[in-house]
Structures are given as C-alpha cells and as structure tokens.
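Comments concern the structure below.
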Amino acid sequence: MTQIRLKLLGEFECLAEDGTLVDIALAKDQGLLAILALSPDFKSSRSRIIGLLWSARGNEQARASLRQSLWSLKKSIGNSVDGVLQIDRRHIGLNPNSVITDVTRFHQLIASPTKESLEEAVELYHGDLLTGLEIRDRVWQEWLTIERESLRTRVVKALRCLIDHYGAGSQSEQLIEAGQKLVKLEPFQEEGYRAMMRGYAECDQRAMALKQYERCRELLQNELDTSPDSATRHLFSQVKDGSIGTGQNDRVVTSDIRSTSRFPLQPTSKVSQVLEELPRTGVNTSTPSILVMPFVNLSDDREQDYVARGITDNIIIALTRFRELFVFAYKTSLATEDMFNAATDAHEQLGARYAVEGAVQKTNNRIRVSARLIDAQTGRHLWAQNYDRDLHDLLTVQDEITGLVVNSLIGTVEETDHRRTLEKPPEELAAYDYVLKARVLLSRDRYIKTVEYEARDYYRKALELDQNYAPAYAGLAVSYTNELHCTWCEQPEQALSTIEKYANKALELDSTNSMARYALATAYYLRGEYERANLEIEHAITINPNDYHNVCAKAWFLTYSGHLQEGLQCSIDALRTNPYAADGCLETIGLAQYLSGDYGEALLAFGKTEYNSMFKLAGMAACYAQLGRLEEAKHISQEFIKISVGEESKKAPVAGKHWHSYWNRIYKFKVENDRQHFLEGLRKAGIPVS
C-alpha cells in the first residue's frame with residue numbers, strides 16, 4: 001500500500017514513499033493534514049476542521065474553503081490519494097496504514113520510558129510542532145499553542161529523566177548535550193544549566209562549567225530579577241573549588257513531577273489501591289469527570305511544597321462547586337504523584353475524562369503557576385496557561401489564581417464536551433448532552449428569538465430523559481431572563497412568572513444550583529425588587545464564588561441601584577476571573593463610567609465587547625453623542641436600528657410607546673437621575689426612546 005510520511009516536529013514536510021518531497025505549498029493544506037495526523041485515529045469531523053481553520057468565515061464560505069483544500073491536497077498527493085485520504089459526509093481522515101508521522105512515533109516512545117526510548121524521542125524532536133507555519137486564525141493559533149505545549153512538556157520531562165540517568169552514571173558528554181537541549185526549550189529552568197555545569201566539570205572543563213553558571217545568573221537577573229536557587233549555587237561552589245571533576249559521581253539535582261530515585265519510572269499501584277477504597281458512584285456517570293493531580297513545587301525549597309498542595313486543594317474544592325462535574329477527591333489526587341503518564345493512567349484506572357496538572361515556582365517575591373487541562377483518554381493537552389503574580393499576600397494570590405484556573409477549565413471542558421456531543425448519534429445523547437447543547441448555543445447567540453427557542457427545545461428534551469434534572473430547569477429559567485431583555489418579548493409578566501417557576505423547581509431539586517439563583521435574582525431585579533435581587537445573587541455567589549456570571553450579575557445590580565463605584569469594582573473583579581465571557585461585565589463597566597460622566601472611558605469599555613448587542617450599540621451611541629461626536633453617534637444609531645428591527649428580532653417594536661416600554665422594562669434604574677442621564681444620551685444620538 002502506498003505510504004506518505006508526515007514530519008510535523010519542526011518545519012512541515014510531506015514525503016512520498018520513495019523519499020521525494022511532496023509539494024504542499026498552501027499553509028491551510030498543511031494545517032489540515034496536521035489536524036488529521038494529531039486527531040484520535042487520524043480522523044476528525046468536518047465541523048471541527050472548519051472551526052480550526054476557517055472560524056471567522058460564514059458556514060457556506062468555510063465549507064467551500066474546505067472543499068477547495070481537499071481538492072488541492074488530492075492534486076498534490078496525486079495517485080496515492082485514494083490510499084491516504086478517507087472522506088465521507090461528516091468526517092475526514094487519514095488511512096493509518098498509509099500514513100506515518102513523527103508525532104505518532106514520538107508518543108509511542110514516550111509511553112515506554114526506558115533510557116533508549118527516551119533518547120530516541122528526544123532525537124526525534126527537531127523543534128516545536130509546525131515551526132514556521134503561519135495561519136491567521138485565532139482558533140487555529142490557540143489550538144496549535146496547546147498542541148505545541150503538550151509535546152514540549154513531554155520532551156522536557158524526557159530530558160529531565162535522561163539527565164537523572166546520565167548524572168547517576170557519569171555520562172558527562174551526554175549530560176552536557178541533554179542540558180543544552182533542556183536550556184533551549186526551558187531557558188528559565190535551572191536543571192539544564194546544572195547538567196551542563198556538572199558535565200563540563202567532569203570533563204575537566206571548569207571554565208566552561210563556570211560559564212554556564214554565569215549564563216544562568218545573568219538571564220535570571222535580567223529577565224526575572226532573581227538569582228539562581230541554592231542547588232545551583234551549591235554546585236557552582238563545588239565547581240569553583242575543584243571538588244567536582246573526573247570520576248566524581250554526585251547526582252544532578254532536578255525538580256520534577258516524579259520521584260528521581262529510580263530509572264526508568266514505572267507506574268505505581270497507588271491509584272489502584274485508592275480506587276478499591278472509592279465509592280463507585282459518580283465515576284461512570286455521563287457527566288464529565290476530572291482529576292486534579294498534585295501541582296509540583298519547582299522551587300528548590302522543599303518547605304514550599306505546602307504552596308503547591310494548597311493550590312491543588314483549592315482547585316479541587318472550587319471545581320466541586322460546579323455541580324455538573326464529578327471531581328475526584330484530594331486523596332485520589334495524591335495517588336497519582338509518582339506516575340509518569342498519570343493522566344492516561346487516571347483514565348484507564350479511574351475512568352477520568354479529564355486531568356489537570358501543573359507546577360508552582362516561588363522565587364523571592366514572585367510566584368508562577370502553570371496549569372494544563374488534559375484529555376485523559378488520549379493524553380492530548382486541551383488548554384495550558386501560566387500565571388505570574390507578586391507574592392504580597394499568599395492566600396489572596398492562591399485564591400486569585402484558583403479562580404482564573406477554574407473558570408478557564410470550565411470553559412474549555414464545556415466546549416470540548418460540546419464537540420464530543422456533536423459527534424454522538426441522537427440515540428446516545430443523555431440529559432447532560434442536551435443541556436450542554438443549549439448552553440453552548442446560548443453562549444454564542446443568545447437574545448435571538450429562534451436561538452432561544454431552539455435552546456429551550458434542548459432543555460425540554462433533557463427533561464424528557466430525566467424529569468428531575470435541575471440544570472435543565474435552571475437553563476430554561478435563564479433562557480426566559482434572556483427573552484425579557486429582547487425587543488421581541490411580547491408578554492414580560494408571563495416571562496417573569498415562568499422564570500420564577502423554573503428557577504424554584506430547580507432549587508427544589510438542588511438548592512445549591514447557582515444558575516437557578518442567578519435567574520431568580522434577575523427576575524427580582526426586573527421587577528424592581530433590588531434588595532431581594534441582591535440577597536439572591538449573594539446566595540448564588542456563596543454557593544459558587546468562582547462562577548463569573550454570578551459576580552457579573554452582582555455588578556449589574558449594584559450599578560443600576562446607583563452604587564457606581566462598587567459596581568465598577570465588582571465588574572473588574574469578575575473580569576479578572578474569566579477570560580472566556582467578558583461582554584456582560586464590560587457593558588456594566590461602560591454604563592458605570594457613562595453614569596459617572598467619563599464618556600471616553602465608557603466608550604472604550606463598550607468598544608471592547610465582542611458581540612454587537614443592542615445595549616453595546618446603544619451605549620456607544622450615547623457616549624459619542626455626549627462627547628459631541630454626532631456623526632459617529634448617528635452611524636452607531638443606524639446599526640442599532642438595523643439590529644433591533646432585523647429579521648432575527650421578528651416582531652421588533654417600532655412605535656414610540658413600545659420603545660418607552662422596552663427601556664423601562666430592561667433598564668431598572670433605582671435613581672431617577674441616572675435613568676434620565678442615560679435616556680438623554682440615547683435621544684441625542686437619535687435612538688428611539690419614547
């Protein structure tokens with residue numbers, strides 16, 4: 001059978017069976033092959049490919065682009081295409097028997113961590129994944145960053161294992177080479193410098209050994225304003241006074257997620273032992289399960305282990321507040337500490353769908369926390385992020401970083417599970433899947449009548465499967481709060497009653513459902529019952545302080561109650577916790593700044609929102625009008641009218657009395673002067689008010 005070989009580590013290359021280069025010139029054609037090669041079973045859905053390569057295009061245009069790319073690949077690969085590409089209406093794949101990739105071989109080698117296999121894996125790593133491949137699509141760039149980070153993490157771990165081995169065996173030349181490779185990949189980690197220092201010292205090249213220390217010291221000083229840790233300084237002293245030389249066999253000090261007392265590393269039986277002690281409920285549920293593995297202390301000071309343990313524990317506790325996740329307990333987390341491939345072992349032995357791993361490094365007055373979310377079934381990294389903070393108040397910093405990590409994880413888990421749901425046949429969908437479909441739908445296009453109705457259909461299908469499923473009732477309640485903010489809402493009082501009915505039903509089934517509390521608080525606010533709204537939203541925040549929507553709603557209520565500075569600060573606090581959904585709080589910031597008379601700052605806040613909501617456009621138009629920029633105000637007002645009476649709104653009000661009712665229904669200003677101030681800006685801009 002005809003074969004092609006894909007080289008993805010470093011610059012992209014496609015080689016024919018005879019070794020000749022296959023000319024695949026277009027970047028997105030290369031990207032398409034890479035997506036397939038990195039997908040489970042070399043296969044991906046058309047919708048996922050489109051989402052990665054053409055996310056900014058309309059659906060029809062994106063599908064046409066995919067067809068063009070497939071045609072281009074067929075032309076490039078030539079006669080071998082029938083044996084390589086496998087295409088049907090829903091999926092595109094590569095024939096595993098016809099395609100060889102360096103990444104596949106790399107993963108095979110890493111999975112068997114003997115010295116020889118790790119050496120071959122490191123040799124295979126010619127550079128970061130798809131070096132030099134430029135595709136200007138935000139979603140593609142995020143995906144590529146995560147894939148690169150996943151592979152880089154694995155090769156770094158392999159190099160650290162090899163450094164342990166070479167250091168124990170006085171293999172000086174290999175130690176130097178491994179140190180050089182590690183420094184190239186991780187220039188701010190000191191293990192690589194220590195490996196080179198020891199290797200050169202054992203080769204009687206003391207000057208070169210001391211030079212590595214100076215390189216390390218200067219880099220840390222110039223870039224991080226810190227100095228080498230005590231292990232590096234101790235090794236420097238040994239090299240300087242000549243106590244290390246040929247024949248010495250002191251081990252290289254490393255910091256890693258695993259024990260360094262043996263090589264090769266083998267999985268322990270701890271997870272199996274803990275599994276026997278666990279109640280079996282929850283592990284095999286249809287809801288996503290997540291294991292938070294112990295974060296690693298990369299500081300030389302072992303006394304700082306408590307910081308890493310504290311962050312691990314905080315993240316576990318915070319995730320348990322999201323009721324639709326099954327979160328493994330801290331004791332189970334500790335059981336994975338000595339495992340080389342803990343994430344995939346967690347899936348095999350515990351049934352975990354996701355795993356979180358990370359590291360903590362505390363130096364002087366700074367702390368860096370890195371975290372990664374892993375698909376435990378495949379070992380692929382789905383999300384990765386670093387957080388750097390000043391260490392003034394450790395507990396506050398821990399709480400802040402926990403909130404950032406948890407909100408980012410939740411967003412990625414929901415998006416990933418939604419993609420999984422799309423691949424399932426209808427007969428396999430659970431209540432959770434239908435709720436997830438509805439949530440993702442509303443996260444992208446809420447306030448559109450047809451979208452809201454489609455989401456409600458999904459929630460009702462969930463209830464057909466499980467009539468006591470609280471998240472479905474809570475979702476319905478939130479959908480009706482969305483309707484009340486829209487011009488197409490014809491019976492606002494009935495909608496308010498429906499919100500209360502569904503929210504109370506959800507709370508009857510699960511009193512800790514913070515989404516239901518959020519919906520109930522919104523209903524109270526829209527009735528003008530500010531105190532009840534504030535009490536309910538505070539209750540929601542107590543239940544789940546890491547849910548961005550609750551804190552954002554609190555900011556909204558504060559602002560409309562006339563507490564502008566408190567609302568502004570609350571919005572800023574909410575934004576710091578969630579990089580996924582900033583629009584709501586940006587609009588609140590814009591309103592608070594507008595009501596304070598700072599129209600320029602308000603305009604900036606409104607302008608940073610991603611979607612052209614009616615309120616965003618109304619706010620921008622009012623700001624332009626108050627700044628005397630009437631032409632720009634008029635232009636934005638026209639956009640506002642276009643959206644408000646467009647096909648999506650169906651029965652948008654056009655008569656003055658309807659606009660008067662709309663503004664009074666949605667924008668419940670407690671302070672009359674604030675209401676008049678806002679409406680004044682709208683009138684100046686030409687937006688209908690009454």
Around [X], counting heavy atoms of other residues, nucleotides and ligands shown, do more than 12 lie under 6.0 Å from its [atom1]?
X	atom1	answer
Glu173	CD	no
Glu11	CD	no
Lys7	NZ	yes
Arg5	CZ	no

With a 3.5 Å distance limit and no angle check, can you tell me whether [X] reaches the backbone of [Y] through a side-chain donor-acceptor pair?
X	Y	answer
Ser65	Gln61	yes
Lys157	Cys161	no
Tyr200	Ser172	no
Asp23	Ser76	no

[X] versus [Y]: any side-chain heavy-atom pair under 4.5 Å?
X	Y	answer
Arg353	Ile290	no
Ser39	Arg48	yes
Ile163	Leu182	yes
Leu66	Leu70	yes
Ile4	Leu15	no
Asn95	Val84	no
Leu94	Leu33	yes
Tyr125	Arg154	no

Looking only at side chains, do [X] and [Y] share a donor and an acceptor under 3.5 Å apart?
X	Y	result
Ser72	Ser69	no
Arg194	Thr232	yes
Arg90	Ser47	no

Kindly write out the residues that satisfy salt bridge (charged side-chain N to carboxylate O under 4.0 Å, His left out) with [X], not counting sequence neighbours, or none if the list is empty.
X	answer
Arg46	none
Glu214	Arg217
Asp128	Arg152
Arg368	Asp388

message: According to salt bridge (Lys or Arg N to Asp or Glu O under 4.0 Å), does anything in residues 176-185 pair up with another residue at least two apart or in another chain? List the pairs.
response: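 For residues 176-185: Glu123-Lys181, Glu177-Lys181.
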
- prompt: Taking NZ, NE, NH1 and NH2 as the nitrogens, is one of them in Arg105 or Glu120 under 4.0 Å from a carboxylate oxygen of the other?
  reply: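 Counted as a salt bridge, because a side-chain N and a carboxylate O are separated by less than 4.0 Å.
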
side-chain contact (heavy atoms from CB on, under 4.5 Å) against [X], all qualifying residues, sequence neighbours excluded:
X	result
Asn222	Glu218
Ala27	Leu133, Ile135
Gln174	Tyr166, Gln171
Ala64	Arg67

task: Report the residues that fulfil ring-ring contact (aromatic ring centres under 6.0 Å, His included) with Trp54, sequence neighbours left out, ordered by chain and then residue number.
output: none

Sequence-distant partners of Tyr213, ring-ring contact (aromatic ring centres under 6.0 Å, His included), two or more places apart: Phe236

message: Once side chain to side chain donor-acceptor pair (under 3.5 Å) is applied, do any residues pair with Arg215, and if so which ones, sequence neighbours excluded?
response: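 If we apply the side chain to side chain donor-acceptor pair (under 3.5 Å) test to Arg215, skipping adjacent residues, the hits are Gln212.
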
- prompt: Between Leu53 and Leu32, is a side-chain contact (heavy atoms from CB on, under 4.5 Å) present by the stated rule, with each step listed?
  reply: CA-CA 8 Å; Leu53 293 174; Leu32 174 53; 4.1 Å; yes

